[in-house]
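Structure, as structure tokens:
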Amino acid sequence: MGFFSNIFNPTNAESLVLIDVSAGSVAGAYAHYKDMETPSILYTRRLPIEVRSGERHELAMLRALEILGNALIKEGAPALARATGSGRADAILVSVDAPWQETRVRTEYFERKTPFVFTKRMVATALEKTSIPADGKVLADESIIGTILNGYETREPYGKKVHRAAVIILTSFIDEKISEGIAGMLSKLFHTKNIFSIAGSSLRYQAMRTAFPHERDALLLDAVGQLISIALVRRDLLVAVVEASDTSTENYEKWVEKVVLELTELAKDHPLPRTIFLLAQEKDSPSLEQALNSAKLGGLWLSDNPPKIVPVRAGHLSGSIRQITTASPDLPLLLMALYWQHHRK
């Protein structure tokens, strides 16, 4: 039920360009998918965004993106061709992080005095009425991530007779000018209009649900980009998402203070699970884990026992995604590949 579910018809095999855009860097990869086989990453590259004196951040990002795109074409496409027989990708998936994205979660309710049949059309009509982007934003993705019928969560809700229903919807928005700039750049480089965008925090949350399907109660602390995003999952349902910008990981003390502040706000309305999945760049992950363990977070649970911090590593995804390249694994790109694998089915 992802953003391209109605317009993308998967074939037996396909190749995909992955583009990750964050505040400090851009990254790209070629991924190949074939039915009944584990998806493979065939090429990866990450480049820093270097802002020149007096230059706007978004212009520096687009310049880095163009350099990355040329590297993907000159170096990545031959690697794809050697592995698959063709160097052409079928589509491009773009993940955009802060400061250019926003993620929201909301619940739509359906209730009548007499029983009614819950249908896809009913949900689609409700989404059309309520999906209103803020000024200067474009709707990138709108995914139904949970459905509750007569008070019970269900994965196959349509066609059933109910008295009341609720759908939990995860929506991502991207700055309109940034979205247009990225799409224009990639369309020119790769000569395709099959470009799909999504906010990074939304993508990674959905990929994590695929990677850890049995973790029904957890906090997902996403510190991959400049924005802290914390998703609260209880009984396998997304309950809340909070985001906070200006949270550079260069100052661990201030970063932890911001995390504690956001967790404190969440705890006012919701009991917190005792497992925290930490998503961060590989170079930052050990220090952030240590900072969290030193923060004595147990007080938020009214306990001396701290929560369990689980740093998510590339190894956690090795059974779902193969990387056939000598480059170091790039967690955001691996999660992008996993996200597409789940949503193309």
Side-chain angles (χ1 to χ4, degrees), residues 1-5 8 10-22 25-47 65 68-69 71-72 75-77 79-84 86-97 140-141 143 172 182 186 190 192 194-213 220 222 224-225 277 279-282 285 312-345:
M1 289 182 283
F3 59 93
F4 49 80
S5 58
F8 186 74
T11 57
N12 181 57
E14 62 174 324
S15 298
L16 181 71
V17 173
L18 306 173
I19 301 290
D20 175 59
V21 178
S22 66
S25 66
V26 293
Y30 277 98
H32 186 67
Y33 299 83
K34 191 171 183 178
D35 290 352
M36 308 303 293
E37 294 185 5
T38 302
S40 55
I41 299 288
L42 304 172
Y43 174 88
T44 65
R45 182 78 178 272
R46 183 172 289 275
L47 297 173
L65 184 60
L68 173 69
L72 286 167
E75 302 170 6
L80 177 66
R82 287 193 295 270
T84 69
S86 172
R88 182 175 179 81
D90 298 291
I92 302 173
L93 174 64
V94 184
S95 169
V96 181
D97 276 312
D141 171 46
S143 298
S172 65
I182 291 173
L186 296 177
F190 292 94
T192 181
N194 291 331
I195 301 172
F196 307 102
S197 299
I198 183 172
S201 55
S202 174
L203 179 147
R204 289 188 289 273
Y205 162 73
Q206 295 181 68
M208 284 291 293
R209 291 188 75 194
T210 301
F212 298 92
L220 174 58
D222 187 339
V224 168
F277 285 102
L279 281 175
Q281 295 287 1
E282 186 173 348
S285 185
V312 180
R313 314 287 192 197
H316 287 116
L317 310 180
S318 59
S320 302
I321 304 291
R322 293 185 303 151
Q323 178 158 325
I324 309 175
T325 170
T326 57
S328 299
D330 190 301
L331 182 61
L333 292 174
L334 290 173
L335 288 170
M336 290 184 70
L338 182 61
Y339 169 86
W340 185 276
Q341 167 71 352
H342 179 72
H343 283 71
R344 71 186 288 269
K345 293 179 180 179

Notebook entry, point to check: Quick one: OH on Tyr339 to CZ on Arg204, what's the gap to the nearest 0.5 Å?
Noted result: 12.5 Å
Check: Looking at Tyr30 and Ala89, what are the two nearest heavy atoms and their distance?
Finding: CE2-CB, 4.2 Å
Note to self: Return the CG to CG distance between Leu331 and Asp20, rounded to the nearest 0.5 Å.
What the structure shows: 10.0 Å
Note to self: Keeping Asp90 on the side-chain end and Leu16 on the backbone end, is there a donor-acceptor pair under 3.5 Å?
What the structure shows: no
Checklist line | side-chain contact (heavy atoms from CB on, under 4.5 Å) assessment of Ile198 paired with Gln206 | finding: CA-CA 11 Å; Ile198 183 172; Gln206 295 181 68; 4.0 Å; yes
Notebook entry, point to check: Is the side chain of His316 donor-acceptor paired with the backbone N or O of Arg313 at a distance under 3.5 Å, no angle test?
Noted result: yes
Item checked: Taking every non-hydrogen atom, the tightest pair across Leu335 and Ala207 -> O-CB, 3.4 Å
Note to self: For the CZ atom of Arg209 and the OG atom of Ser143, what is their distance to the nearest 0.5 Å?
What the structure shows: 10.0 Å
Item checked: From Ile324 atom CD1 to Thr44 atom OG1, the distance as rounded to the nearest 0.5 Å -> 12.0 Å
Next item on the list: Would you mind reporting whether Leu220 and Phe277 have side-chain heavy atoms less than 4.5 Å apart?
Entry: yes
Checklist line | Glu75 atom CD: more than 12 heavy-atom contacts under 6.0 Å | finding: yes
Checklist line | Trace of the side-chain hydrogen bond (donor to acceptor under 3.5 Å, both in side chains) decision for Arg46 with Ser25 | finding: CA-CA 7 Å; Arg46 183 172 289 275; Ser25 66; 2.7 Å; yes
Note to self: For Ile321 and Ile41: C-alpha separation, side-chain torsions, deciding distance, then whether side-chain contact (heavy atoms from CB on, under 4.5 Å) applies.
What the structure shows: CA-CA 7 Å; Ile321 304 291; Ile41 299 288; 3.7 Å; yes
Notebook entry, point to check: Under 3.5 Å, side chain of Thr192 to main-chain N/O of Asn194, donor-acceptor pair present?
Noted result: yes
Notebook entry, point to check: Could you go step by step and tell me if Asn12 and Lys34 meet the side-chain contact (heavy atoms from CB on, under 4.5 Å) rule?
Noted result: CA-CA 6 Å; Asn12 181 57; Lys34 191 171 183 178; 3.9 Å; yes
Notebook entry, point to check: Where do Ala79 and Leu42 come nearest, in terms of heavy atoms and distance?
Noted result: CB-O, 4.0 Å
Next item on the list: Return the minimal non-hydrogen interatomic distance between Leu338 and Ala211, and the atom names on each side.
Entry: CD2-CB, 3.8 Å
Next item on the list: Enter the distance from Leu93:CG to Ser197:OG here, rounded to the nearest 0.5 Å.
Entry: 8.0 Å
Notebook entry, point to check: Going by the angle between their ring planes, with limits at 30° and 60°, are Trp340 and Tyr33 parallel, tilted or perpendicular?
Noted result: tilted
Check: Which heavy atom in Ser201 sits nearest to a heavy atom in Asp97, and how many Å separate them?
Finding: N-OD1, 3.9 Å
Note to self: Is it the case that the side chain of Asp222 and the backbone of Val224 share a donor-acceptor pair, with hydrogens and angles ignored and the cut-off at 3.5 Å?
What the structure shows: yes
Item checked: Pair Leu68-Ile19, side-chain contact (heavy atoms from CB on, under 4.5 Å): steps then yes or no -> CA-CA 9 Å; Leu68 173 69; Ile19 301 290; 4.2 Å; yes
Notebook entry, point to check: Quick one: CG on Leu203 to OG on Ser95, what's the gap to the nearest 0.5 Å?
Noted result: 5.0 Å
Note to self: Would the distance check show the side chain of His32 and the main-chain N or O of Pro39 forming a donor-acceptor pair, the cut-off being under 3.5 Å?
What the structure shows: no
Next item on the list: Determine the minimum heavy-atom distance between Ser202 and Ser172, stating which atoms define it.
Entry: CB-CB, 4.0 Å
Notebook entry, point to check: Does Leu334 reach the side chain of Pro329, with side-chain heavy atoms less than 4.5 Å apart?
Noted result: yes
